[in-house]
S.K.: 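Structure below; questions to follow.
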Amino acid sequence: MEDQATEQQPSGGQTGGDSAAATERWFDASWTKVHPLSPLVRGGLAVVAIPGIFLSYNWQTWTDAWQAFRSGEIQRSVESNPTPFLLAGGAVLLVVALIFAGFVLSWWFTRYKITAEHVMVKSGIFVRQHRQARIDRVQAVDLRQPLLARLTGLAELKFEVAEGDGTAATLAFLKKTQAEELRSEIMDRAAGRDEPAASAEGSSAAQGYPAPEPLHGAARPGYPDQALPVDAYSAQGPSGAVPPETAQRPAVAADRLIAKVPTGRLIGSVLSGWGTVFVLIIVLTAVIGLGIGLSFGSDGGSASVWAVLTGAALPAVIPMGIAAITIYYQQFSTGFGFTSTATSSGLRVRYGLLETTNQTIPPGRVQALQIQQPVLWRPFKWFKIVVTVAGYGIGEKRSVLLPVGRLDDVMATAAEMFPDLQVQNPEEVFTAGLTGVGTELGYSEVPRRARFFDPIVRRRRGFRTTPTALMFRDGRASRQLTMVPHERIQSLSLHQGPLQRRRRIADISIHSPAGPFAAKLKNQDLHAVQDLFEYESQQAARARRYSDRNHWMRPEELQEFERKAAEALAAPEAPHAPEPDAAAPAAAGSLAEAPHGPAAPHGPAASPTHQEQDPRDR
């Protein structure tokens, strides 16, 4: 969020004309009010919630009142003295009227305006607030529909930016069709699709940034004789000029369904999650308590012992049961009806049972991606994808890119976020990161001299680099694969404890905005992570020069993105083929931009200079 200002109302000493002028300056004709039914949607929840809270804390009072109503005592009291009941009813109506009046005033003093550069929202009755978000810094736009909003055909828009700790601006509520059109317009502006094509030329110079440097000559760790290719997704070449073939805008691609979660699979994933573990603990506790109680037989002390066990177990079992039900409902609600669709504005996901949410996640705004496979999901070959998007924070609900899916769903979704790893065998590299072990296909592993630290996950814990991303894999029972684009790496750090120094190993961490996971790898070879540290420090800076600092996807990038994603999905599954010769051109339909030779599949940590040459590692 670029600007957030709070202003007080004009003081009472000003004249009416001055106050009117101040009000006119605060809200002129260019500002628009939200939908008139917004107070009903916002106030209706409060009217329902307040009696519910009062009822929950005064249950006995309401029970006594119901019994008095059934017996006719209340009717007789009203006939004899109606004044107290009229006053109570008037007080309730007054409270409801005040609640709605507050929401109506809030609606009247809430206006928004969309300019060429900002989304601006002004609100406040006594204390005025002006919130604005730069459109070119918008990370994501969420369309949310609570239950009352769904019934009235309204929706809420939430704008997320990288600089803010929370939501930058919220428009509640608009017509759903209007909200969808506004979201598409904002995402198009954030992508730069509303700008003339000629304005792309020299945009970096206009912003004061130096011209990007070519990546040729920057060797990767483990590839001393190979240079990185030019970024295929940059709209600008090394000289900063726009290629002639990208000067015209391509047609916007039609929406494509990427993944859909069946209800049966969702129920199975929920039942095989941690909620089931809590339920099993509850059942086990109850069975043990019942067995102990029945084991005393019919002796005189059995009743007292059973009462003691019941009194001790219920306070522990009831909260655990409520927690298990809550976990089940949250997982089912956030995954119900989940669909992901590739649109011109990014990957659009929709989910929700009572409250539906539509999120548009631009690939260029994803800071990191992690694929998870819990241990109970392994027999079903299910996976989950979560992402880190600047502005979302650590809340995992909006960070879920796929709640549960098979390998083909995972690859199709990941292809939307990472359309090209720029290696000769991207499917094999990706699958090895999910399920593989050892140093095959260039992944590193924990050195043998450090197997005392990681006796179980030693061969799964490692990393690999590609020309476009850094990949971390970890976990033996519950598997994880983390992918971070080079241009999204903000900083790196190495950590080494006293015992790690003796074994010449270290931990490496990738720093990115707050999200549902952390990119960290433990107990890696010291020389390997030092090489990786130096390589990523240079490569991240170079990759950022090629990526536009504001716009996340341009039309020419989208066209290339769609083409390569389609090729990745259409590639037939085949056994290992021999590596092409370094002098041969890349095969047709391959995702690699340029051949890397026989050494290309091997990652930086697989270099024989670190682990294999040390006899103490064997």
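Fair warning: this is a prediction, and the values are worked out from it, not measured in the lab.
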S.K.: With a 4.0 Å cut-off on N to O distance, would you call Glu160 and Arg398 a salt bridge?
M.R.: yes
S.K.: Got a salt bridge between Arg265 and Asp409, using NZ or NE/NH1/NH2 to carboxylate O under 4.0 Å?
M.R.: yes
S.K.: Which value, rounded to the nearest 0.5 Å, describes the distance between Arg365 atom CZ and Arg137 atom CZ?
M.R.: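 Taking CZ in Arg365 and CZ in Arg137, the distance rounds to 8.0 Å.
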S.K.: Indicate the atoms forming the closest heavy-atom contact of Val410 with Gly405, along with that distance.
M.R.: CG2-O, 4.3 Å
S.K.: Is any side-chain heavy atom of Phe173 closer than 4.5 Å to a side-chain heavy atom of Val34?
M.R.: no
S.K.: I want to check something: taking the side chain as every heavy atom from C-beta on, are Asp474 and Arg461 in contact at a cut-off of under 4.5 Å?
M.R.: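 Contact flag for Asp474/Arg461 side chains = yes.
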S.K.: Treating Arg131 as the side-chain partner and Ala169 as the backbone partner, does any N or O pair qualify as donor plus acceptor under 3.5 Å?
M.R.: no
S.K.: Between Leu402 and Val261, is there a side-chain heavy-atom distance shorter than 4.5 Å?
M.R.: yes
S.K.: Parallel, tilted or perpendicular, judged at 30° and 60°: which one describes the rings of Phe380 and Trp382?
M.R.: parallel
S.K.: Check whether any side-chain heavy atom of Phe517 sits under 4.5 Å from a side-chain heavy atom of Thr388, and report yes or no.
M.R.: yes
S.K.: With sequence neighbours left out, write down each residue that passes salt bridge (Lys or Arg N to Asp or Glu O under 4.0 Å) with Arg348, or none if nothing qualifies.
M.R.: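 Checked Arg348 against salt bridge (Lys or Arg N to Asp or Glu O under 4.0 Å); zero matches.
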S.K.: Under the rule for ring pair (Phe, Tyr, Trp, His ring centres under 6.0 Å), what residues qualify as partners of Tyr328, not counting sequence neighbours?
M.R.: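 Applying ring pair (Phe, Tyr, Trp, His ring centres under 6.0 Å) to Tyr328 gives none.
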S.K.: Do Ile135 and Ile186 come close enough that some side-chain heavy atom pair is under 4.5 Å?
M.R.: yes
S.K.: First locate atom OG1 of Thr263, then atom CZ of Phe332, and finally report the distance between them rounded to the nearest 0.5 Å.
M.R.: 6.0 Å
S.K.: Without swapping roles, check the side chain of Asp525 against the backbone of Ala528 for a donor-acceptor pair under 3.5 Å.
M.R.: yes
S.K.: Please indicate whether Ile456 has more than 12 foreign heavy atoms, meaning atoms of other residues, nucleotides or ligands, lying under 6.0 Å from its CD1.
M.R.: no
S.K.: Kindly compute the distance separating OG (Ser444) from CZ (Arg459), expressed to the nearest 0.5 Å.
M.R.: 12.0 Å
S.K.: Side-chain contact test, heavy atoms from C-beta onward, threshold under 4.5 Å: evaluate it for Tyr443 versus Val437 and give yes or no.
M.R.: no
S.K.: Using side-chain heavy atoms (C-beta onward) and a distance below 4.5 Å, is Gln490 in contact with Val484?
M.R.: no
S.K.: For a quick test of reading the model, state the closest non-hydrogen atom pair linking Met187 to Thr360 and the distance between them.
M.R.: CE-CG2, 3.8 Å
S.K.: Would you name the heavy atoms of Val529 and Ala506 that are closest together and state the gap between them?
M.R.: CG2-CB, 4.2 Å
S.K.: Would you say Gln145's side chain and Leu154's backbone share a donor-acceptor pair under 3.5 angstrom?
M.R.: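 Checked: pair present.
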S.K.: Are the side chains of Val429 and Met471 in contact, using a 4.5 Å heavy-atom criterion?
M.R.: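 Touching, per the 4.5 Å side-chain cut-off.
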S.K.: To the nearest 0.5 Å, what is the distance between OG1 on Thr170 and CG on Leu157?
M.R.: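 It is 9.0 Å, given to the nearest 0.5 Å.
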S.K.: Of Thr435, Leu434, Val375, which meets side chain to side chain contact (heavy atoms under 4.5 Å, CB included) against Arg479?
M.R.: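 Checked Thr435, Leu434, Val375 against Arg479; only one passes side chain to side chain contact (heavy atoms under 4.5 Å, CB included): Thr435.
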S.K.: Does Ser269 reach the main-chain N or O of Leu266 with its side chain, forming a donor-acceptor pair under 3.5 Å?
M.R.: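 Here the side-chain-to-backbone pair exists.
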S.K.: Are a donor atom and an acceptor atom from the side chains of Asn523 and Gln500 found within less than 3.5 Å of each other?
M.R.: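 A donor-acceptor contact under 3.5 Å links the two side chains.
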S.K.: If you take all heavy atoms of Gly433 and Arg473, which pair is closest and at what distance?
M.R.: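 Where Gly433 meets Arg473 most closely, the heavy atoms are O-CB, 3.5 Å.
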S.K.: Can you tell me how far apart OG1 (Thr466) and CG (Leu421) are? Round to the nearest 0.5 Å.
M.R.: 5.0 Å
S.K.: Which distance, rounded to the nearest 0.5 Å, do you find between the CG of Leu354 and the CZ of Phe336?
M.R.: 9.5 Å
